[in-house]
Peer 1: 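Mind having a look at this structure? Questions to follow.
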Amino acid sequence: MCLSLSCSHHNPIACIVPPYMLRVLALRGDPATADMARSLLRHDEQMRDERAAFTSLPPGLQGVLPEADPDLCCPDRRIHDGEFRAALPGRLVRSEGDGPSGIPDADMAYDSAGQVFWLFAEEYGRNSLDGRGMPLVATVQHRRNYNNAFWDGQQMAYGTGDGRIFRTFLELSVIAHEMAHGVIQHSGGLIYENQSGALNEHVADVFGALAQQRVLGQEVHQADWLVGRGILGPGINGTALRSMKAPGTAYSDDLLGTDPQPWHMDQFNTTTDDNGGVHINSGIPNHAFYLFCAYLGGRAWEVPGRIWYKTLQDINNPMASFADWADQTLRAASALEGAGSAPVLLLRRAWKLVGIAV
């Protein structure tokens, strides 16, 4: 979702590039770069204003960890070519079961959407983003030199980047992040402001990282825990948009500035920008999740992923604070692994180390 630019609180357009990064570009960039950044900020404002309210699951279906659907067989992917225009979804170029389209971006989006679908289906028993088999609609080559990717409540859209600041947005952790925003939306939602908004971004980062690790077959200590690795341009001093292992270290560049994410509540950023710092303060729960996985070892998409997925289904609090979320993860861990189990003890330690008492 944007690893996000500008969003309405309740029904955000979720973008991958944070608004604070665009504002730095608008201040530090040459005239062409500054104009690009301001245009993106205006575009996101327009999308926010025009977006309709999309409903999530009825209250009776929230808080339930779904069992595997016996009729669940495959995703329903529908990949479109935007042909560098603004209209969505664009020209359909690959549907479920079709062979490669010959458009590299479309085929990457198709393959990655399937990998994310199977993460949620096989590990958590979820049938697509809404839990009921919704089609996975995506548009590639959205606008010309468009430096962003987003979930708009119904579909994903990916720009190609300008080749200088961003080289691509078709990277699995980014794609999974955006699709996870759809899962969050259809699981009761987390209001996109302040701590609940930072949790929204955090959960999307978690499943972005888990999708990447699962495809690569990586255990916790083999993974780099980066979100958006390789999407920055060749002249940018940085490795990714965010680091869950070491928040605040993903980039440090004369043009982009320095990664502002904190890892501890002592550095919590109180701001009115970025809907109350949703892309900044997400570094705190991100780091707690990383610590928990590092303590536990093994495959992060298994026990830790199941705990986080169950928490998302059970919390039933769209304005949850970090402490609310942490408490619910412990309840989920106790339910899944046992009240006195090692995962519960290690999870409590991880939250304590980022300054969140549970």
Side-chain angles (χ1 to χ4, degrees), residues 1-5 7 12 14-21 112 115-116 119-120 123-124 129 148-151 156 169 171-185 187 189-190 192 195-216 218 220 223-232 238-251 259-263 269 274-275 277-294 300-301 304-305 307-309 311-312 320 322 325-326 329 350-351 354 356:
M1 253 196 229
C2 301
L3 294 171
S4 178
L5 255 167
C7 310
C15 313
I16 200 69
V17 178
Y20 57 75
M21 185 178 281
S112 297
Q115 290 162 341
V116 178
L119 166 70
F120 283 101
E123 302 298 336
Y124 315 124
L129 307 185
N148 223 327
F150 60 84
W151 161 261
M156 290 74 66
F169 290 95
E171 187 271 343
L172 181 55
S173 69
V174 170
I175 291 169
H177 173 106
E178 296 305 322
M179 292 176 67
H181 277 297
V183 174
I184 296 164
Q185 173 183 314
S187 298
L190 289 162
Y192 208 71
Q195 289 192 19
S196 61
L199 287 169
N200 192 312
E201 282 297 314
H202 156 67
V203 172
D205 277 355
V206 162
F207 290 110
L210 297 187
Q212 182 87 285
Q213 292 172 28
R214 187 173 188 261
V215 166
L216 295 174
Q218 293 176 328
V220 170
D224 60 22
W225 292 93
L226 296 174
V227 176
R229 181 181 183 87
I231 75 171
L232 298 178
T239 56
L241 284 177
R242 292 189 283 279
S243 170
M244 299 179 72
K245 182 177 182 178
T249 67
Y251 62 88
D259 177 3
Q261 281 208 312
W263 66 270
N269 191 317
D274 186 27
N275 281 13
V278 300
H279 289 95
I280 298 172
N281 293 317
S282 59
I284 297 169
N286 275 3
H287 192 56
F289 182 79
Y290 163 75
L291 288 173
F292 173 48
C293 295
W301 65 85
I307 291 170
W308 252 245
Y309 181 77
T311 298
L312 181 63
F322 288 175
W325 181 269
T329 64
W351 285 119
V354 301
I356 297 173

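Since the model is a prediction, treat every value here as computed from it, not as a measurement.
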Peer 1: Could you measure the distance from the CE atom of M179 to the CG atom of L119? Nearest 0.5 Å is fine.
Peer 2: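 Between M179 CE and L119 CG, I get 9.5 Å after rounding to 0.5 Å.
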Peer 1: Grab the two heavy atoms, one from V174 and one from G228, that are nearest each other, plus how far apart they are.
Peer 2: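 So the two residues come closest at CG2-CA, 3.8 Å.
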Peer 1: Could you give the distance from OH (Y290) to CG (D205), rounded to the nearest 0.5 Å?
Peer 2: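 Between atom OH of Y290 and atom CG of D205 there are 15.5 Å.
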Peer 1: Mind checking what makes side chain to side chain contact (heavy atoms under 4.5 Å, CB included) contact with Q115, not counting sequence neighbours?
Peer 2: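 So Q115 forms a side chain to side chain contact (heavy atoms under 4.5 Å, CB included) with S112, L172, V215.
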Peer 1: Show the nearest heavy-atom pair for residues L210 and G305, with the distance to one decimal.
Peer 2: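 For L210 versus G305, the nearest heavy atoms are CD1-CA, 3.7 Å.
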Peer 1: Could you list the residues that satisfy side chain to side chain donor-acceptor pair (under 3.5 Å) with H202, not counting sequence neighbours?
Peer 2: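 Result, side chain to side chain donor-acceptor pair (under 3.5 Å) vs H202: N286, W308.
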Peer 1: Could you work out, with side chain to side chain contact (heavy atoms under 4.5 Å, CB included) as the rule, every residue matching P262, not counting sequence neighbours?
Peer 2: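 Result, side chain to side chain contact (heavy atoms under 4.5 Å, CB included) vs P262: Q267, I280, N281, I284.
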Peer 1: Please identify each residue that fulfils ring pair (Phe, Tyr, Trp, His ring centres under 6.0 Å) with W301, with sequence neighbours left out.
Peer 2: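 W301 satisfies ring pair (Phe, Tyr, Trp, His ring centres under 6.0 Å) with no other residue.
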Peer 1: Apply side-chain contact (heavy atoms from CB on, under 4.5 Å) to residues N269 and Y20 and explain how you reach the verdict.
Peer 2: CA-CA 13 Å; N269 191 317; Y20 57 75; over 6 Å; no
Peer 1: Counting N and O atoms only, with roles assigned by atom type, does the side chain of D274 sit under 3.5 Å from a partner on the main chain of H279, one being a donor and the other an acceptor?
Peer 2: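 Yes; at least one donor-acceptor contact below 3.5 Å.
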Peer 1: Measuring from S187:OG to Y309:OH, what's the distance to the nearest 0.5 Å?
Peer 2: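 OH of Y309 is found 5.5 Å from OG of S187.
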Peer 1: Check side chain to side chain contact (heavy atoms under 4.5 Å, CB included) between A320 and all other residues, then give those that pass, not counting sequence neighbours.
Peer 2: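 Residues passing side chain to side chain contact (heavy atoms under 4.5 Å, CB included) with A320: L190, L199, I315, N317, D324.
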Peer 1: Can you list everything that forms a side chain to side chain donor-acceptor pair (under 3.5 Å) with Q212? Sequence neighbours excluded, please.
Peer 2: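 Testing Q212 for side chain to side chain donor-acceptor pair (under 3.5 Å), a comparison that skips the adjacent residues, returns E171.
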Peer 1: With a 3.5 Å distance limit and no angle check, can you tell me whether W225 reaches the backbone of V220 through a side-chain donor-acceptor pair?
Peer 2: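 Yes; judged by distance alone, with no hydrogens or angles, the pair exists.
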Peer 1: Are any side-chain N or O atoms of D259 and backbone N or O atoms of T249, one a donor and one an acceptor, separated by less than 3.5 Å?
Peer 2: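 Checking the backbone N and O of T249 against the side chain of D259, a donor-acceptor pair under 3.5 Å is found.
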Peer 1: Go through the structure and list residues passing side chain to side chain donor-acceptor pair (under 3.5 Å) with Q195, not counting sequence neighbours.
Peer 2: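 So Q195 forms no side chain to side chain donor-acceptor pair (under 3.5 Å) with any residue.
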Peer 1: Ignoring hydrogens, what is the shortest heavy-atom contact between A198 and G277? Give both atom names and the distance.
Peer 2: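 Closest pair (atom of A198, atom of G277, distance): CB-O, 4.5 Å.
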Peer 1: Might you point out which heavy atoms bring T239 and L232 nearest each other, and give the distance in Å?
Peer 2: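 Shortest heavy-atom contact: N-CD1, 4.2 Å.
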Peer 1: Can you name the residues that form a salt bridge (charged side-chain N to carboxylate O under 4.0 Å, His left out) with R214, not counting sequence neighbours?
Peer 2: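 Once residues adjacent in sequence are excluded, the partners of R214 under the salt bridge (charged side-chain N to carboxylate O under 4.0 Å, His left out) criterion are E122, E123.
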Peer 1: Quick one, Q261 and P18 - any side-chain contact, counting heavy atoms below 4.5 Å?
Peer 2: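 A side-chain contact under 4.5 Å is absent here.
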Peer 1: What's the separation between atom CZ in F169 and atom CG in L241, rounded to the nearest 0.5 Å?
Peer 2: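 So the CZ of F169 and the CG of L241 are separated by 7.5 Å.
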Peer 1: Considering non-hydrogen atoms only, spot the tightest contact between A350 and A288 and give its length.
Peer 2: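 Scanning both residues, the minimum pair turns out to be CB-O, 3.5 Å.
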Peer 1: Please enumerate all residues that pass side chain to side chain contact (heavy atoms under 4.5 Å, CB included) together with P304, with sequence neighbours excluded.
Peer 2: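 Scan of P304 (side chain to side chain contact (heavy atoms under 4.5 Å, CB included), adjacent residues dropped) gives F289, F292, C293, L296.
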Peer 1: Would W325 and L312 count as a side-chain contact (heavy atoms from CB on, under 4.5 Å) if you check the C-alpha gap in whole Å, the side-chain angles of each, and the deciding distance to 0.1 Å?
Peer 2: CA-CA 9 Å; W325 181 269; L312 181 63; 4.1 Å; yes
Peer 1: In chain order, what residues pass the salt bridge (charged side-chain N to carboxylate O under 4.0 Å, His left out) check against D224, with sequence neighbours excluded?
Peer 2: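 D224: salt bridge (charged side-chain N to carboxylate O under 4.0 Å, His left out) contacts with R229.
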Peer 1: If you look at every heavy atom in A204 and I184, which pair is closest and at what distance?
Peer 2: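 So the two residues come closest at N-CD1, 3.9 Å.
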Peer 1: Could you tell me which residues satisfy ring pair (Phe, Tyr, Trp, His ring centres under 6.0 Å) with F207, sequence neighbours excluded, listed by chain and number?
Peer 2: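 By the ring pair (Phe, Tyr, Trp, His ring centres under 6.0 Å) rule, F207 matches F120, Y124.
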Peer 1: Who are the side chain to side chain donor-acceptor pair (under 3.5 Å) partners of W351, not counting sequence neighbours?
Peer 2: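 If we apply the side chain to side chain donor-acceptor pair (under 3.5 Å) test to W351, skipping adjacent residues, the hits are T329.
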